[in-house]
Structure formats: structure tokens, C-alpha cells
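What you are looking at is a predicted structure, and each value in this text was computed from that prediction instead of being measured. So you know, we letter chains A, B, ... as the sequences are listed, proteins then strands, and number each from 1.
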Number of protein chains: 2
Amino acid sequence: MASSERNLQTCEVPDATVQRLPLYLEKLKLLQAIGVEDVSSRQLAESLDIKASQLRHDFHYFGGFSRPGRPYRVEKLVTALEQIIGVDRPVPTAIVGAGHLGQALANYPGLQLQGFPIRAIFDVNPKLLGLEIRGQPVRDLDDLEPVCRREGIKIGVITVPASSAQEVVNRLVAAGVTGLLNFAPTELKVPGHVSVRHERLTVGIMALSFKVKCGALARSAAGNEPGPLAGSA
Amino acid sequence: MASSERNLQTCEVPDATVQRLPLYLEKLKLLQAIGVEDVSSRQLAESLDIKASQLRHDFHYFGGFSRPGRPYRVEKLVTALEQIIGVDRPVPTAIVGAGHLGQALANYPGLQLQGFPIRAIFDVNPKLLGLEIRGQPVRDLDDLEPVCRREGIKIGVITVPASSAQEVVNRLVAAGVTGLLNFAPTELKVPGHVSVRHERLTVGIMALSFKVKCGALARSAAGNEPGPLAGSA
DNA sequence: CGTAACCTGTTTACGTATTCACAGGACTCT
DNA sequence: AGAGTCCTGTGAATACGTAAACAGGTTACG
């Protein structure tokens, strides 16, 4: 058993690889749902538009998921990846800020499905306090600490205005939250044991805009050649 | 004039640089709003948690924005970056899918502010057709092509279920849209002249989960040392 | 049984991105 | 005027991520 699996708990993994693990898991779950049992690195990689060698290279950080000659077992891979990513058991998650975006996220079934059940929603706006979203009431921000502790909240999703983000973060961290998904367009100061990830809508759309502008220029400059099927920016 | 500015229309820029340009622009606009006129590479870089040398390196692709010895002029930088990114004039944008996420995006003021006015919203659900969001009515998907052409839509935001994403994309592309911001958890086939960017919530939160799990392991393994202030995942 | 087609784990080579180092210009203060 | 400090532009060096190549192992089939 210790022969094939080197260590599922390695943390010295390149960032680029970490960002691909969720893609693998998502696709594998899909395959599992439609009854596929085996999958080769080539099949899986091609469906995600990456090279098979890279996929194997990524998996290699965690030791072998199969043996040479045999394709991967979908079920085994899903289990292993869930454990690696840390969603082998549900990760209690809270949303702070029940504005449009917060509500949209609370309503999004994907979070629950991927292992991040929303166990609390907070806001300061008294008008929202009655609201209930997928079984969770919008709570007053004053109750943040006790509720987070009681529910064992691990990850906080920040959907408050930039001006109040830092204060919310401080309180979440004090309440034991160690992961923050930040949608507010501002940097955050956190202790070293807390991880932050920024999700910036405007960055995405602006990077897209750059590509679009470049594409337009390229086509107006050179004789326009539509080119074959391809995408991704 | 041609001496200092090499070319604001270069497209041979590393992807990593492209992803940072929006960050620069966003921060610079903020500085501009509070009346800051000059900014050095160090100041700007530190506020974004990156190295000053990298910022200069990024700018270097487009030629000089200043002269050695003089810090950058905020206004000049903003203008230049807007032109580079392609938001020197508004980029008409459409949202397809007026569910929770689509509505949240339509309500998000940042898009308009950063140069992406929402000029159309579409959905198939008849119950949503009456709805009006920030002055824009939710339109029937059947009207997609004529409305997109009339409004000169350049970018389409996909917030429909994965199952209908490809069809929507085909229609948008046929209607002249050249940039797609895809929130549906699925790959998209598009012609070569169209750029796609995927925004996947679950990828973000799962990558975060991995970091959190690693942090917890590291702290339980070694004697827990809280470490200095630092973040980002 | 042998061969051909696949497959994974692993190493090596390649390309890209980040960081460092430095050459000069500008401004301030004495 | 001169020294010191801060600044940018630029190229070299380092670190990183990607892609390719290869060394086995497995199965299917004639």
C-alpha cells in the first residue's frame, strides 16, 4: 500500500498544478456520474485541453494512481483527489455579504456539490435579515463569531464592499476561519496561517478585452485568416 | 512622441503580464480618484504585493511610460493602460442567462465603471422577461442576434447552465461577439478569432481548500509557528 | 506464444516568467 | 556646485512550468 501511493499529503506542489487539480476532479466526477470506470491520461487530458504528459506529471507529485500499463480507475482517482484537495469530508463555508453576489453564490448548487456547504450567511443590512436562502437564514453580522465557531466554519467567502472587507476578515480569522475567498477588490492582511484567494471579475474581463483587442488588430493588420478551431484566453 | 512610446499595441506580451495589467489599472484609478498624481514603481508594486522590478518589466513591453529618474504620472499611466487593455472607449457587453449569477453580474457596478456597460441581458425563462436590471430589460433569447448586432456587443458573459452554453456561444459568435467570459463549467469550441476566458468558482475555492489543508498539516506536523503577516493563495 | 497497441511513471530538455543587478537621469538639500 | 537619494529602462541570471522522450508493464488478438 505504501508502495504505490507516495504521499497524498504533499504540499510542495507547484501552484500551476494546484490550479489544475480541481479541473481534474470536476471532470472525473462527471465521468463517474455517467458510468465511466476507466480513463487514460490521454482521454482525460484531451477533454480538458491540456497535454497528457502534463497530467501525468501533475499526478506524479502524489505518487502513482495506477500502474504502468493500466489506465486510471475513475473512482480511485476521485477519492484520491478529494483527499488531496481536502474535500473528502464537507468543508463548512460561510458567506459574508448577502448582496447580489453573495445571494448568487449562496444559491449556486455547485458549492454544496463540490464539498463546500454554506452553513451561514451574514449581512449588516437589517432588511435582509428575514431572508432565507437554500435553508440558511441571513444572519446579523454581530452573530458572526459565535455562529462560525458553532458551525466550525473553515472557509469564508467575502462579498462585502471593499471598505468593510478587512474588518470582516479580521473577525472571521479571529473566529477560526483559515481560508478566505475574496471577491472584494482590495488586498487583505491576514496572519500567516490563513490562506487568501482573490476572485476578481474585472481582472478576468479586462484580460479578455486585451485579447479581443489584439485579435482585432492582428486581423486588421495581416490579411484576415479566420484560423482553425481554438480558444482559451 | 514616437521616441518614448514604443508601441501601445503590442500583442506579444506574456500571459502573466496580461493578467497583471488590470490590477495596475484598477489600483491606478483608485489613486487617481483620491488625488494622487505621481507614483513610483515601488509604491505601486508594494500596494499590489508584487516586485517593483516585475512591474517595470511588464511596462517595458509597451515602451517607456516615464523617463529614468521621474516617477510615473498616474493620469498618463491610466490613459495608456486603458488604451492597451482596450477600454479607452466603452466595450458593449451582454449577459446571457439571467439566473442568480447573471443578475448579480448585471447589478455589479464595477463592470460599467471599468468600461464594460451591460447593453443587453437575455434568458429563456418567460418569468424573467418582465424584469429590468439597472435600466436593461431581460430579453428573450430569441432576440439575441438582432439585439447584439444593433448594440454592437463585443463581449458576451455566459451564465447559462453548462448544457446550453455551447449553443448560446455559437449564436453569440454568429452575431459578431469576439470575446466570451464563461461561467459555465464546460469547455467551449469557438472559431480562432474569438477569445474565451473561463471563470470557475469551484476551481478557486478548491485551490483554496488545498492550501488550507496544507497549512493545517504543516502546523500539526511541525511545532506550530504562526508566522508573520502574509497571505495570497 | 508473439506481436502490436496502449498505458503509466519518470527523467530530460525546452521555453517562459520572475528576480536581480546595474547604468544612467533627476531632484533635493546643504 | 556636489553629494546623496530616489527613480526608470534594460539586459542578464535564476527559478519555474511545460512538453517531449523513454523505459518498462499490461492487455488483446491472431
Whole-Å distance separating the CD atom of B/E12 from the P atom of C/dA17:
12 Å
B/R70 has an atom CZ; how far is it from atom C1' of C/dG24, in whole Å?
16 Å
When the nearest nucleotide of DNA chain C is assigned to B/I50 and to A/Q43 on a heavy-atom basis, which residue is associated with the more 5' position?
A/Q43
Is A/E82 salt-bridged to B/K213, going by a charged N under 4.0 Å from an acidic O?
no
Nearest whole Å is fine: how far is C/dA13 P from A/Q54 CD?
19 Å
Do A/D58 and A/Q54 get their side chains close enough for a donor-acceptor pair, meaning under 3.5 Å?
no
Candidates C/dT12, C/dA17, C/dC7 - which lies nearest the side chain of A/H57
C/dT12
Of the options A/T93, A/L181, A/V157, which is the one that meets A/F116 in a side-chain contact (heavy atoms from CB on, under 4.5 Å)?
A/T93
Under 4.0 Å, heavy atoms only, any strand: does B/S41 hit a base, just the sugar-phosphate, or nothing?
sugar-phosphate
From the list C/dT19, C/dT8, D/dA19, which nucleotide is the closest neighbour of the side chain of B/K51?
C/dT19
Counting the atoms with a prime plus P, OP1 and OP2 as sugar-phosphate, which does A/S40 contact under 4.0 Å by heavy atoms, base, sugar-phosphate, or nothing?
sugar-phosphate
Of the listed D/dA19, C/dA17, C/dG9, the closest approach to the A/S66 side chain comes from C/dG9
Between D/dA19, C/dC7, D/dT8, which nucleotide gets closest to the side-chain atoms of B/Y72?
D/dT8
If you take atom types as modelled and just measure distance, does the side chain of B/H60 reach the base of D/dT8 with a donor-acceptor pair under 3.5 Å?
no
Using whole Å, what does the distance between atom P of nucleotide D/dG17 and atom CD of A/Q19 come to?
11 Å
Regarding B/Q166 and B/N170, do their side chains bring together a donor and an acceptor under 3.5 Å, going by distance alone?
yes
Can you tell whether the side chains of A/R197 and A/E199 come within less than 4.0 Å, N to carboxylate O?
yes
Give a yes or no on whether a donor-acceptor pair under 3.5 Å exists between the nucleobase atoms of D/dG9, that is its base, and the side chain of B/R56.
yes
To the nearest angstrom, how far is A/F65 atom CZ from C/dG9 atom C1'?
12 Å
Could you check which of C/dC7, C/dT18, C/dT19 has an atom nearest any side-chain atom of B/R20?
C/dT18
Rounded to whole angstroms, how far apart are CG on A/D15 and C1' on C/dA17?
13 Å
Nearest-Å distance, CG (B/L44) to P (D/dC7)?
12 Å
Would you indicate, yes or no, if C/dC6 has its OP1 or OP2 atom less than 4.0 angstrom from a side-chain nitrogen or oxygen of A/R42?
no
Rounded to whole Å, the OH-P distance (A/Y61 to C/dG9) equals 15 Å
